[in-house]
Amino acid sequence: MPSLLGDKLVIAISSRALFDLDESHQVFEQEGLEAYRQYQIAREDIPLEQGEAFPLVQKLLRINNLLEGDSRVEVVLISRNSADTGLRVFNSIQHYGLGITRAAFAGGRSPFTYIPAFGCQLFLSTHAEDVRATLEAGFAAATIFPAKRAREQRDELRIAFDGDAVLFSDESEQVFQREGLAAFQASEQAAAREPLGGGPFKAFLAALNRIQTEFAGAQCPIRTALFTARSAPAHERVIRTLREWDIRLDESLFLGGLDKSQFLQAFGADLFFDDQEGHCRRAVDVVPTGHVPHGISNLKSSGSA
């Protein structure tokens, strides 16, 4: 990671994930780039409405205040806008008092190439192509789906993760897809003491965990949870893997294939990450969700071998 940002948790976010730019995007789609440019310039002093990831960013940046000036979280704006059209976005950031000072405006091209330079552990976007490119480059990324239900207002940040192909590699999921549940359970039981490989979100969870250790238990503003379709006996390998990584999750739910939606609602997730789009489409009825297009399930859905 660049020495400029030290060992901070660095999150990259697209302008459309941070703010509601649907109306502006319609102008671009229907009338073209120059009409979009003029539309944004004419409204650059009108603050944009909050987007799907805005509350998440607000809670992340609040952590810096709780650490009494020890800045541990950095949010970077990564945008396909030009600086000219992006001025409205920065004006909106200032309007809401968000502590975002760094940005990359890529002028119509994918901005994901700047993610390694900033040392980001996570990229959130509404642009699926940029998310896939970021994952292929070895960084955590998710396509944000908007929640269809109003979320609870609270200061605590609650983040939920699926297991295989998100926190862990998809090695076990490949067995399940090829050979079925019984073979998967047998394979996981046999390999219970062999740690799973890390998935794309391992580094992000580790960075969250490092921040959590700086707070006394009851005062910690972050709560993490695993929501997995695994059940016993496949649970043991997960527990031992996290122990080997020296990473702690606050809650772990082994659901044995039950639908995750009601459990996510009970947890009150600010954001849930899952590799399977079908799971995301169901979860989004109750919580904001990030689709992680990684692993064998997404190879199948895209028609690849």
Side-chain angles (χ1 to χ4, degrees), residues 9 11-26 28-29 40 46-63 73 75-81 86 88-90 92-93 95-100 103 111-112 115 120-132 134-135 140-162 166 201 204 208 222-225 227 260-261 264-265 267-293:
L9 169 62
I11 309 295
I13 189 162
S14 73
S15 51
R16 288 186 65 194
L18 184 59
F19 294 114
D20 184 352
L21 283 161
D22 288 349
E23 186 176 305
S24 309
H25 190 66
Q26 284 182 5
F28 172 75
E29 291 286 324
Q40 294 294 55
I46 302 173
L48 292 159
E49 295 295 321
Q50 299 177 13
E52 193 58 41
F54 185 97
L56 175 77
V57 168
Q58 200 170 39
K59 290 182 179 184
L60 282 165
L61 292 171
R62 174 179 170 269
I63 293 168
V73 179
V75 177
V76 179
L77 184 70
I78 302 285
S79 176
R80 284 176 172 255
N81 278 289
R88 187 183 182 192
V89 177
F90 250 131
S92 298
I93 286 170
H95 170 79
Y96 290 108
L98 295 176
I100 299 175
F112 89 92
I115 287 171
C120 300
Q121 288 101 343
L122 175 65
F123 176 45
L124 300 175
S125 178
T126 59
H127 200 288
E129 180 183 331
D130 289 347
V131 167
R132 284 185 178 274
T134 302
L135 284 163
T143 308
I144 297 296
F145 291 177
K148 298 177 182 178
R149 179 178 297 187
R151 71 193 78 194
E152 297 178 25
Q153 298 298 317
R154 72 178 106 73
D155 290 332
E156 187 178 58
L157 175 63
R158 300 181 187 178
I159 300 182
F161 301 89
D162 179 34
V166 177
F201 277 69
F204 172 57
L208 283 176
I222 303 170
R223 193 161 185 84
T224 58
F227 287 77
K260 299 175 184 178
S261 301
L264 288 163
Q265 185 178 7
F267 176 65
D270 289 294
L271 195 56
F272 168 57
F273 296 107
D274 197 297
D275 67 303
Q276 297 195 37
E277 187 169 354
H279 294 171
C280 293
R281 295 293 179 191
R282 290 192 293 274
V284 83
D285 286 336
V286 294
V287 295
T289 302
H291 176 226
V292 181

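All values below come from the heavy atoms of this structure, side chains included, with hydrogens, waters and symmetry mates left out.
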Task: Heavy-atom side-chain proximity of Ser15 to Leu21 below 4.5 angstrom - done: yes

TODO: Can you sort out the partners of Thr224 under side-chain hydrogen bond (donor to acceptor under 3.5 Å, both in side chains), two or more places apart, ordered by chain and number?
DONE: Asp250

Task: Spacing of Arg62 atom CZ and Glu156 atom CD [to the nearest 0.5 Å] - done: 9.5 Å

TODO: Look at the side chain of Lys59 and the backbone N and O of Ile222, then say whether any donor-acceptor pair between them is shorter than 3.5 Å.
DONE: no

TODO: Give, for atom OG1 of Thr289 and atom CZ of Phe145, the distance between the pair rounded to the nearest 0.5 Å.
DONE: 8.0 Å

Task: Side-chain heavy atoms of Ser125 within contact of Arg16, under 4.5 Å - done: no

Task: Gap separating the CG atom of Leu124 from the CD1 atom of Ile78, nearest 0.5 angstrom - done: 11.5 Å

Open item on the list: Please tell me whether Tyr96 and Phe54 form a close aromatic pair, meaning their ring centres lie under 6.0 Å apart.
Closed with: yes

Open item on the list: With a 4.5 Å cut-off on side-chain heavy atoms, are Phe272 and Val284 touching?
Closed with: no

Task: Spatial distance of atom CD1 (Ile159) from atom CG (Leu122) [nearest 0.5 Å] - done: 8.0 Å

Task: Partners meeting salt bridge (charged side-chain N to carboxylate O under 4.0 Å, His left out) with Arg88 (sequence neighbours left out) - done: none

TODO: State whether the side chain of His291 and the backbone N or O of Asp275 hold a donor-acceptor pair below 3.5 Å, judged by distance alone.
DONE: yes

Open item on the list: Treating Asp162 as the side-chain partner and Phe273 as the backbone partner, does any N or O pair qualify as donor plus acceptor under 3.5 Å?
Closed with: no

Task: Single hit among Leu60, Leu77, Ile93 for side-chain contact (heavy atoms from CB on, under 4.5 Å) with Leu98 - done: Ile93

Open item on the list: Parallel, tilted or perpendicular: which one describes the rings of Phe161 and Phe201, with boundaries at 30° and 60°?
Closed with: perpendicular

- [ ] Any chance you could measure Arg223, atom CZ, to Arg154, atom CZ, to the nearest 0.5 Å?
- [x] 11.5 Å

TODO: Measure the CD-CG distance between Glu52 and Leu18 for me, rounded to the nearest 0.5 Å.
DONE: 11.5 Å

